[in-house]
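Remarks on the structure that follows.
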Amino acid sequence: MAEADLDAVIRQLAKAQNKSLMAAAKKRQGLFMAKAASAKDKEAKARFKLLAQSAMLHGTAAAKRLQNSADNAADSYARAVKYAAEEIAAMNMKPAKKAEKKVEKQPAKAAKKTKKAARKKA
């Protein structure tokens, strides 16, 4: 059942990408905050703080979109595997029922033949 674990792999990869994306956003925010600290006038400080806030906001939004996309893909894959397994099980059940009916009819026919043979002998 290694194929069924692919949805877990998709989620793990998304989690790793999410962590690296958030680390990059925090690094970018730190860069802007450092520039804000070294800025000489109030306008520049406010501008760099706004850039830092914006960088974090956009990074978080991108991470959420990435996570949602990965969850959707993993769920879709899991549903497809489940549906395929059910379909295969349904295909296997139909011939089995027909075979059972044939097996049931054959002993009944054999019993009738033995009764006829016994009548002829008597």
Side-chain angles (χ1 to χ4, degrees):
M1 245 6 259
E3 301 89 23
D5 295 334
L6 188 59
D7 61 328
V9 172
I10 292 169
R11 291 178 201 278
Q12 286 175 346
L13 289 173
K15 189 175 181 181
Q17 286 180 342
N18 196 0
K19 283 183 179 180
S20 66
L21 182 62
M22 287 306 296
K26 286 179 183 177
K27 185 178 177 182
R28 188 79 170 178
Q29 180 194 26
L31 178 85
F32 285 130
M33 289 304 282
K35 285 185 178 183
S38 66
K40 301 208 179 194
D41 57 344
K42 282 187 172 184
E43 292 174 6
K45 280 187 181 189
R47 186 175 61 240
F48 282 123
K49 284 186 179 182
L50 183 64
L51 283 172
Q53 184 182 8
S54 178
M56 204 52 194
L57 184 68
H58 286 100
T60 304
K64 283 182 182 178
R65 285 193 305 271
L66 177 70
Q67 189 65 41
N68 286 339
S69 178
D71 285 343
N72 289 342
D75 290 343
S76 176
Y77 177 78
R79 276 193 309 274
V81 168
K82 183 180 176 184
Y83 177 75
E86 289 174 357
E87 194 173 280
I88 290 171
M91 289 175 66
N92 289 340
M93 293 299 286
K94 287 180 183 177
K97 288 181 180 178
K98 289 179 182 176
E100 288 175 9
K101 288 180 182 177
K102 288 179 183 177
V103 171
E104 290 175 5
K105 289 179 182 177
Q106 289 174 353
K109 286 181 181 178
K112 287 181 183 178
K113 287 181 183 178
T114 55
K115 286 182 183 178
K116 285 182 182 178
R119 287 184 196 161
K120 287 181 183 179
K121 289 181 182 177

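Start at 1 with the first residue, then count along the sequence.
Separation of atoms NZ (Lys64) and OG (Ser69) is listed at 15.5 Å; rounding is to 0.5 Å. Here the straight-line distance linking atom CD of Gln53 with atom CD of Gln29 works out to 9.0 Å at 0.5 Å rounding. Interatomic distance, CZ of Arg47 versus CG of Asp41, reported as 7.0 Å (0.5 Å rounding).
Nearest heavy-atom pair, Asp7 versus Ala74, reported as atom, atom and distance to 0.1 Å: CB-O, 3.4 Å. Pairing each heavy atom of Ala25 with each of Ala55, the nearest pair is CB-O, 4.3 Å. Scanning all heavy atoms of the two residues, the minimum distance from Leu66 to Asn18 falls at CD2-N, 3.9 Å. The nearest pair of heavy atoms linking Leu6 to Tyr77 is CB-CE2, 3.4 Å.
Crowding of Arg11 atom CZ: a count of heavy atoms from other residues, nucleotides or ligands under 6.0 Å exceeding 12.
Formation of a donor-acceptor pair under 3.5 Å by the Ser20 side chain with backbone atoms of Gln17 is found in this model.
Tracing side-chain contacts under 4.5 Å through hydrophobic residues (I, L, V, M, F, W, Y), one never reaches Phe48 starting from Leu50; they form parts of separate clusters. Note on Leu57: it does not cluster hydrophobically with Met33, by side-chain heavy-atom contacts below 4.5 Å among ILVMFWY residues.
Considering Glu86, Glu87, Arg79 in turn, Glu87 is the only one that fulfils the side chain to side chain donor-acceptor pair (under 3.5 Å) rule with Tyr83.
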>> side chain to side chain contact (heavy atoms under 4.5 Å, CB included), that's the test. Do Met22 and Met56 meet it? Break it down for me.
In response: CA-CA 8 Å; Met22 287 306 296; Met56 204 52 194; 3.7 Å; yes
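The pair Lys15-Asp71 does not count as a salt bridge, with every side-chain nitrogen at least 4.0 angstrom from each carboxylate oxygen.
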